[in-house]
Amino acid sequence: MPRFFLTTAIDYANGEPHLGHALEKIGADTMARFHRQFGYDVHLLIGMDEHGQKVAQTAEQQGVPPQQFVDDIAVQFQAMWKLLGISYDQFIRTTAPEHKAAVTRLIEQIFAADAALPDGRRNFYERSYTGMYCVGCESFKQGADIVDGKCTVHPTRTLEEVTEHNWFFRLSAYTAPLKALFAANPGFLEPESRRNEILQLLEQGLDDISASRSRFDWGVPFPRPLSNGDVQTTYVWFDALPNYWTARCFPGFSEKAAWPADLHVIGKDITRFHAVIWPAMLMAAGEPLPAQVWAHGFISLGGERFSKSAGVKLALAEAIDRYGVDAFRYYLLRDVPFDGDGNFSWERFEEVYNSDLANTLGNLGSRSIAMIEKYRAGVVPSGAPEEALFTAHRDALALARAAVDGARRHRPHEAIAALMDIARRTNEYIQRTQPWVLAKDPANAAALDEVLRTLTASLAHLAAWLAPVMPHKMQALWAQLGGSGDVTTVRLDHAIDVSGWKVTKGVPLFPKPETPPAAT
RNA sequence: GGCUGGGUAGCUCAGCUGGUGAGAGCGCACGACUCAUAAUCGUGAGGUCGAGGGUUCGAUCCCCUCCCCAGCUACCA
């Protein structure tokens, strides 16, 4: 059984889960669920990035110890993922002892490799960094963050020139190896637009980065003291990025989570960390590289940029309550291309719900099941579905598969588009064959049988193929059709035979609300 | 400022290396049907393809300039 080990970015524990977090998790979860139904042994890793200065500051502001603070946040995130139906196999937290120990080991592994290198070539070395430090932000500033010699966030304070002595990582030495990596394996980073960005960056050459910091201690102690005896804190990216690698050091480790990962799903803003710094770290440590990094786009809200600082917020719970979890998942996946940016709006959500889910898919289920009950006492006639229609269906399913696990992989929005075509085509088929006319004359019994089993087979395939997107609703549809067991375990690489299934009319799958929800 | 993407019908987007009349879904208008969640099916209206130049027999697709949006621009993650 092939395995598929995918990860999402660990979320920074300085606030509540928001729409941006949800988009990434829902996308990765859907990819994971599709792969399970294609027969892969899947391991989906998600988790929390709990160290760093901001976390320590926020905890202090709220007057709680940092560990307690991140414990609370982790509970919130996990509750949200449960609500959203995220089928993760492992939830990692960077404050876990196993993680901290493994980070230390990875860094020591690099030091061990350094022992064989001459002085000027070693990965880790000590260096002083001088920069403009803002006391208000408690961080170094540069470029656009400095206006008139003042930090833009704290214009009343004067920036101080501060020198800090740290451990540095010789990232510059990896410019050539990384170029070679991208030349040999362009698919290492997708989509292409993000790859171009990194290629350009490599063209300019890389600078070294610091690997330890002196100004905060909420993190993993850097394993080796500086020559002056100071023990510093591991810089957050040397702590956060390795989570994908340290995950297997936890109890319950299984082969399917063995390093290297098959896919890192991340946001486009942290492409550089995952496509440059992370592979360089692994190269330095002599570890294999992940097979691929996928950088998805962002979602904005009502045309405005989505950010906590700008006060643009969307209560996730409210969005989920509106039409249910599955509809929310469907809307996000269908309307936000996973390789680009998208926009959230209540109006659009309502349109998609009514048109795709209630009218096209939900109603297709209702009318089909109603006819089978009315004309055949609920029993699906045996035999093969109509060939012409199913030839078209198979083409659509092939497109859907390609959008997940083929040439167009990691594009669930394209898979959804192909699957909804099946639903539309099936509605068209009903109109064309007019089963209600066939039912009036017993001489047409065979023709009516074929129509009815074709409808059921179409719906059964839709239920199985859309289960990764809408697990709960598709289980309900599956059950109404008379399918047995759990639809989320139905293999997608085999045709489904619906002969003799017993359908049961239930409540509408996607009911329309009595009164349209007020737009906000 | 620099780098990389994007700016195509009201909305969300397709449009491969330039070539017969620029497409889909939704929304809208009209018609058909009745199995169905006033659903469905058909037909139709709608676009100076961000703006302005240029190359070409011919450009949405190539080049230049400009405008707008997004991410990055090396230590906030």
Side-chain angles (χ1 to χ4, degrees), chain A residues 9-14 49 51-55 57 129 131 137-145 153 164 166 168-169 171-172 191-201 203-204 206-213 235-240 267-273 276-277 295 297-298 300 303 305 309 334-337 339-343 345 347-348 351-352 354-375 413-414 417 420-421 424 426-439 451-452 455 505 507-512:
Chain A
I10 48 175
D11 297 309
Y12 199 54
N14 69 337
D49 179 11
H51 288 139
Q53 196 170 8
K54 270 191 191 169
V55 167
Q57 277 175 359
Y129 172 82
C137 298
E138 295 188 44
S139 66
F140 288 99
K141 298 282 167 180
Q142 54 176 238
D145 290 334
V153 184
E164 194 173 311
N166 306 118
F168 265 69
F169 177 72
L171 186 64
S172 57
E192 192 181 9
S193 54
R194 302 273 85 86
R195 179 162 69 238
N196 290 341
E197 198 171 291
I198 296 302
L199 289 176
Q200 188 57 36
L201 186 76
E203 217 42 57
Q204 292 164 10
L206 301 170
D207 290 334
D208 296 345
I209 56 172
S210 69
S212 73
R213 311 309 302 272
Y235 178 52
V236 280
W237 281 106
F238 268 82
D239 173 350
K268 64 179 181 180
D269 57 332
I270 50 177
T271 309
R272 195 170 56 84
F273 297 96
V276 174
I277 299 178
F298 287 160
S300 59
R305 185 172 162 189
S309 54
R334 119 107 217 215
D335 235 34
V336 182
D339 55 349
D341 297 334
N343 188 36
S345 84
E347 294 76 9
R348 184 74 187 151
E351 272 180 21
V352 167
N354 284 330
S355 166
D356 284 14
L357 297 180
N359 296 349
T360 301
L361 181 60
N363 183 52
L364 174 62
S366 294
R367 65 195 304 209
S368 301
I369 290 170
M371 286 190 282
I372 294 164
E373 291 205 325
K374 193 167 178 178
Y375 305 140
H413 59 288
E414 292 188 3
M420 288 311 293
D421 277 345
R424 270 188 280 276
T426 304
N427 274 320
E428 195 181 307
Y429 170 76
I430 294 178
Q431 191 66 27
R432 177 155 38 89
T433 54
Q434 298 191 304
W436 53 92
V437 174
L438 295 175
V451 171
L452 296 179
L455 295 184
K505 191 166 174 58
V507 294
L509 226 44
F510 301 101
K512 291 190 186 174

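Quick note: numbers below take in every heavy atom, side chains included, and nothing from hydrogens, waters or symmetry partners. Reminder, nothing fancy here: chain letters follow the sequence lines and each chain counts from 1.
The 5' end of RNA chain B is approached more closely, in terms of each residue's nearest nucleotide, by A:Val336 than by the other of A:Val336 and A:Phe168. Residues A:Ala211 and A:Leu357 each lie close to RNA chain B; by heavy-atom proximity, the contact nearer the 5' end of the strand is made by A:Leu357.
Remark: the backbone N or O of A:His51 is paired with a side-chain donor or acceptor of A:Tyr12 at under 3.5 angstrom. For A:Asp208 (side chain) and A:Ser172 (main-chain N/O), a donor-acceptor pair under 3.5 Å exists by modelled atom type.
Residue-level contact check: A:Ala370 touches the backbone only, with heavy atoms under 4.0 Å from sugar-phosphate atoms and none from bases. Nucleic acid contact class of A:Tyr12 (heavy atoms, under 4.0 Å, all strands): sugar-phosphate only. A:Leu509 comes within 4.0 angstrom of a base, heavy atoms only. Using a 4.0 Å heavy-atom distance criterion, A:Arg195 is classed as making no nucleic acid contact. At the heavy-atom level, A:Lys268 lies under 4.0 Å from the strands shown only through sugar-phosphate atoms. Note on A:Asp335: only backbone sugar-phosphate atoms sit closer than 4.0 angstrom, heavy atoms only; bases stay farther off.
Partners of A:Phe169 under the ring-ring contact (aromatic ring centres under 6.0 Å, His included) rule, at least two apart in sequence or in another chain, are A:Phe124, A:Tyr174, A:Phe238. Under the rule for a side chain to side chain contact (heavy atoms under 4.5 Å, CB included), the partners of A:Asp339 that lie at least two apart in sequence or sit in another chain are A:Pro191, A:Trp294, A:Pro337, A:Arg411, A:His413. In this view, A:Arg334 and A:Asp356 satisfy the side chain to side chain donor-acceptor pair (under 3.5 Å) rule, not counting sequence neighbours. In terms of the side chain to side chain donor-acceptor pair (under 3.5 Å) criterion, residue partners of A:Asp11 (sequence neighbours excluded) are, by chain and number, A:Lys25. Applying the side chain to side chain donor-acceptor pair (under 3.5 Å) rule to A:Ser212 yields the partners A:Gln232; only residues at least two apart in sequence or on another chain are considered. With sequence neighbours excluded, the residues forming a side chain to side chain donor-acceptor pair (under 3.5 Å) with A:Arg367 are A:Asn427, listed by chain and number. With sequence neighbours excluded, no residue forms a salt bridge (charged side-chain N to carboxylate O under 4.0 Å, His left out) with A:Asp239.
Annotated as anti: B:G31, whose glycosidic dihedral deviates from 0 by more than 90°.
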Set out, in order, the CA-CA distance, both residues' side-chain angles and the distance that settles salt bridge (charged side-chain N to carboxylate O under 4.0 Å, His left out) for A:Glu197 and A:Arg272, then state yes or no.
CA-CA 9 Å; A:Glu197 198 171 291; A:Arg272 195 170 56 84; over 6 Å; no
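Rounded to whole angstrom, the span from the CD1 atom of A:Ile198 across to the C1' atom of B:U73 amounts to 11 Å. Atom CG in A:Asp239 sits about 16 Å away from atom P in B:C76, given to the nearest Å. The nearest whole Å value for the distance from the CZ atom in A:Phe510 to the C1' atom in B:U40 is 17 Å.
Among B:C13, B:G25, B:C75, the nucleotide with an atom closest to any side-chain atom of A:Pro337 is B:C13.
Heavy-atom distances under 4.0 Å link RNA chain B to A:Gly362, A:Asn363, A:Ser366, A:Arg367 of residues 361-369 of chain A, given in residue order.
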For a quick test of your reading: what N or O donor-acceptor pairs under 3.5 Å do the side chains of residues 357-366 of chain A make, sequence neighbours left out?
from     : atom 1 : to       : atom 2 : distance (Å)
A:Asn359 : OD1    : A:Lys512 : NZ     : 2.8
A:Asn359 : ND2    : A:Asn354 : O      : 3.3
A:Thr360 : OG1    : A:Ser355 : O      : 2.9
A:Ser366 : OG     : A:Gly362 : O      : 3.3

Once each nucleotide of nucleotides 27-34 of chain B is scored for protein heavy atoms under 4.0 Å, what B/S/- sequence comes out, 5' to 3'?
------SS
Once pairs are restricted to Watson-Crick or G-U wobble with both distances under 3.5 Å, how does RNA chain B read as a dot-bracket string, [ ] for crossings and | for other-strand pairs?
(((((((..((((.....[...)))).(((((.......))))).....(((((..]....))))))))))))....
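Taken from CG in A:Leu206 to CG in A:Leu171, the straight-line distance is 4.5 Å, to the nearest 0.5 Å.
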Restricting to nitrogen or oxygen on both sides, can you table the protein-nucleotides 3-5 of chain B pairs closer than 3.5 Å?
from : atom 1 : to       : atom 2 : distance (Å)
B:U4 : O2'    : A:Ser193 : O      : 3.0
B:G5 : OP1    : A:Asn196 : ND2    : 2.9

